[in-house]
Amino acid sequence: MNTKYIFVTGGVVSGLGKGITAASLGRLLKNRGYKVTIQKFDPYLNVDPGTMSPYEHGEVFVTDDGAETDLDLGHYERFIDENLTKDSSVTMGKVYMSVLEKERNGDYLGKTVQVIPHVTNEIKEKIYSFEDTDVDIVITEIGGTVGDIEGLSIIEAIRQVGLEKNKEDVLYVHVTLLPYITGSNEIKSKPTQHSVKQLQSLGIQPDILVCRSEQEIPDTIREKLALFCNVRKTSVIQNMTADCLYAVPLMLEKEGLAREVCNHLRLDSYVPDNSKWEEMVENIRSIKEEESVKIAIVGKYVRLEDSYISVVESLQHAGFVNKVKVAVEMVDSETIVPENVKAILSKYDGIVVPGGFGDRGIKGMIETIKYARENKVPFLGICLGMQMCVVEYARDVLGYQDVDSAEFNNNTENPVIHIMEDQKNIKKKGGTMRLGSYPCVIKEGSLAHKIYNQIKIEERHRHRFEYNNEYKEELEEAGLICSGVSPDGSLVEIVELQNHPYFIASQFHPELKSRPNRPAPLFVGLINAAKGK
C-alpha cells in the first residue's frame, strides 16, 4: 500500500481542536488496523518550543528521542498510544535553519534561494520522511489558521503534495467554526464559507469539513455548506463539545469521519474495532460524581492551564483507574508563605509540585513540600518539585544553613542540587539539558518498587541540574531515601520518604508517558493515596 497523507488545517479562529481532531482520527484509523503516525507543523520561527515561555505556547512536550515539541504531540501520543519522535514536530524556524545551512554549505549550487521551491521542498522532505518506514498513514496538522501570512509556505507545500501523489493517497480535512447567534437563534455558515474560499484561493480544495458547533447542525446547514464549499454532504462532519475528552473519537466515528476518510483514500479495512476504547470511555462515564478527590498543582505557570496539560491529563488518567473523579486546581506558588500555607492547602486530598525553571515561586514550593511532609498529605514532586524536596529536607531536617540549588545560587555553601562536572564545560558552550528517555533502576522493597512493580523503568527527562551525591548518605540516614538511580548509580532519579502515606518525587517527567488506558504509575499511586486520605 502506498503511504497515505492526511492534512488537517484550521479556519475562522484558533483553538478549535485541530489537534484533538487529528488525534481522534488517528485512533479511529489505528482501530482499523493501520499503522498511523501524526506530525505537527508550526508556523512560528522558533526552532522549537524549548526556549519559549509556557505562557506563550503551553507546556513543552518531550519525546523519547529528546525532541522538545508542541503540546499537541502529547494529545497525539495519548490518543494513538504510539511514541512519536523529532520527525513529528516541525517549526518554520527548524525549516529555515536547515535551508540556510544548506545554502551556506553550497548545497544549492549557487542558485537563488527562494520560498518556492527551496523552503517548500524542505517542508515536503519532512512530510515524506515516513515513506521508508512501516507507517501506512501520516496525519499532518498545520498549526495556525488558514490565511496567516507565516503559514503560507506550509499551505503551498501541502498543495504540492496533492499534485505529486496519487489523488487517492492525499486527503485534506478543514476544521472550522459554525457560530451560534443567540439573538437570531441560528447557526451561521458564512465564516466557514469564507474560510474554505480562502483555502481554495491557495490551491487546496478540502475534502472533509469538521465543523465545531455548540448546537446540532441541521440538514439545511449541511446542504448549504456542501453546496457552497464544494464537498459532499456526507463529508460535513459535526464536532460538538463532548462530555469526556476521550469520547471525541467515538463521537466522530458516529458522525462518519473515518468512513469518509476510508472512502477517499480507498482503504480496504472499513470495519473498526473500537470495543476497547468504548469500554474505557464507558468506565470513565460510570464514575460517580460523589467519588472524588481534590488535587492541587502548586506551580509557577498556573495562569495558563496548558502549561501543565500533561500533568492534568495524567491526574485524570489515574482517576479513571482508581474510579474517582479528580478535581484539579491550580495554585500559584508565589502566593504561598508560612502564614497562609495551611489555609490554602488544607482543603486538598493531594498535592503535585511540577517542573519549571528559574527561582520565581520557589519559596512557595518549599513551603508546600514542608506542609505535605509534616501533615502527611499525599505528595508527588516532578523534576523541579523533586529538587525542591531535597532542598527543603536538607534545610529543615538536617538543619544545614545556606542550602540551595546551584541553579538559583551558584555561591551557596551547600549545593544539594548542582550541575555535574562533565556537564560544566558543555554549559559554558551554550548549555544543554538531559532530554528524552533514560533508564532508572529501582530499589527493591521501596515505595517506588511497589508503585512500578518492576526493577528497571525508562522515563523522559527535561532538566539541567542534578541531585548532588555528596549529600546522599546524610539525607538517606535522615530518612529521604534514593529509591531510583541511573544504572551506573551516578544520577538520582527518585526520592521518597518513609513513614508517610505517600511522599515521592522524580527527577523525570512521568506525565509524558501517561495514557488514558495506561496511566503513569506515580500518578496512580498519588490518587490512590488521596482517595484513602
Side-chain angles (χ1 to χ4, degrees), residues 4-26 28-29 38-43 72 75 123 127 137-163 165 167-179 187-214 217 221-240 248-249 251-252 255-265:
K4 306 287 186 178
Y5 296 94
I6 300 172
F7 298 104
V8 181
T9 57
V12 185
V13 295
S14 59
L16 287 178
K18 291 194 306 294
I20 299 297
T21 300
S24 297
L25 178 56
L28 296 177
L29 293 170
I38 313 185
Q39 64 178 177
K40 173 83 183 284
F41 275 85
D42 275 304
D72 272 322
H75 289 310
I123 293 167
I127 294 168
I137 303 168
V138 181
I139 301 174
T140 303
E141 179 195 345
I142 312 302
T145 307
V146 168
D148 295 345
I149 192 167
E150 62 264 35
L152 291 176
S153 54
I154 307 174
I155 297 295
E156 169 59 21
I158 68 172
R159 180 193 71 80
Q160 292 177 21
V161 172
L163 287 177
K165 300 296 177 182
K167 189 174 176 61
E168 66 271 16
D169 292 339
V170 182
L171 174 78
Y172 300 102
V173 178
H174 193 50
V175 181
T176 182
L177 177 68
L178 291 180
I187 291 172
K188 306 303 285 186
S189 67
K190 194 63 73 178
T192 293
Q193 291 179 46
H194 282 302
S195 182
V196 171
K197 189 177 288 186
Q198 177 92 49
L199 196 54
Q200 289 170 333
S201 74
L202 299 171
I204 292 175
Q205 166 61 51
D207 302 294
I208 295 173
L209 298 181
V210 175
C211 302
R212 276 302 300 271
S213 173
E214 295 302 316
I217 303 175
I221 295 291
R222 289 182 194 258
E223 287 163 3
K224 191 182 226 182
L225 287 170
L227 182 62
F228 287 102
C229 298
N230 197 32
V231 298
R232 295 179 185 276
K233 183 183 170 185
T234 52
S235 295
V236 178
I237 305 296
Q238 174 179 277
N239 186 12
M240 293 178 69
V248 174
M251 184 176 72
L252 292 175
E255 271 289 303
L257 174 61
R259 177 198 67 222
E260 292 298 304
V261 169
C262 289
N263 283 339
H264 182 93
L265 296 178

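When reading the values below, keep in mind they use all heavy atoms of this one structure, side chains included, and skip hydrogens, waters and symmetry mates. If you're wondering where the values come from, they're calculated on a predicted model, not measured in any experiment.
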Is [X] atom [atom1] crowded by more than 12 heavy atoms from other residues, nucleotides or ligands, each under 6.0 Å away?
{"X": "K233", "atom1": "NZ", "value": "yes"}
{"X": "L163", "atom1": "CG", "value": "yes"}
{"X": "K224", "atom1": "NZ", "value": "no"}

Could you give the distance from CZ (R232) to CG (D207), rounded to the nearest 0.5 Å?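 Between atom CZ of R232 and atom CG of D207 there are 10.5 Å.
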Roughly how far, to the nearest 0.5 Å, is OG1 of T140 from CD1 of I158?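 So the gap between those two atoms works out to 8.0 Å.
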Does a side-chain heavy-atom distance below 4.5 Å link [X] with [Y]?
{"X": "Q39", "Y": "V138", "result": "yes"}
{"X": "D148", "Y": "P43", "result": "no"}
{"X": "I221", "Y": "L178", "result": "yes"}
{"X": "E214", "Y": "I187", "result": "no"}
{"X": "I6", "Y": "L265", "result": "yes"}
{"X": "K4", "Y": "L171", "result": "no"}
{"X": "Q198", "Y": "H194", "result": "no"}

Indicate every side-chain donor-acceptor pair of residues 7-23 with a distance under 3.5 Å to a residue at least two apart or in another chain.
from: T9; atom 1: OG1; to: V173; atom 2: O; distance (Å): 3.4
from: T9; atom 1: OG1; to: H174; atom 2: ND1; distance (Å): 2.8
from: K18; atom 1: NZ; to: G144; atom 2: O; distance (Å): 3.2
from: T21; atom 1: OG1; to: G17; atom 2: O; distance (Å): 2.8

Scan side-chain atoms only and decide if Q238 and S213 contain a donor-acceptor pair under the 3.5 Å cut-off.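 No - no donor-acceptor pair under 3.5 Å links their side chains.
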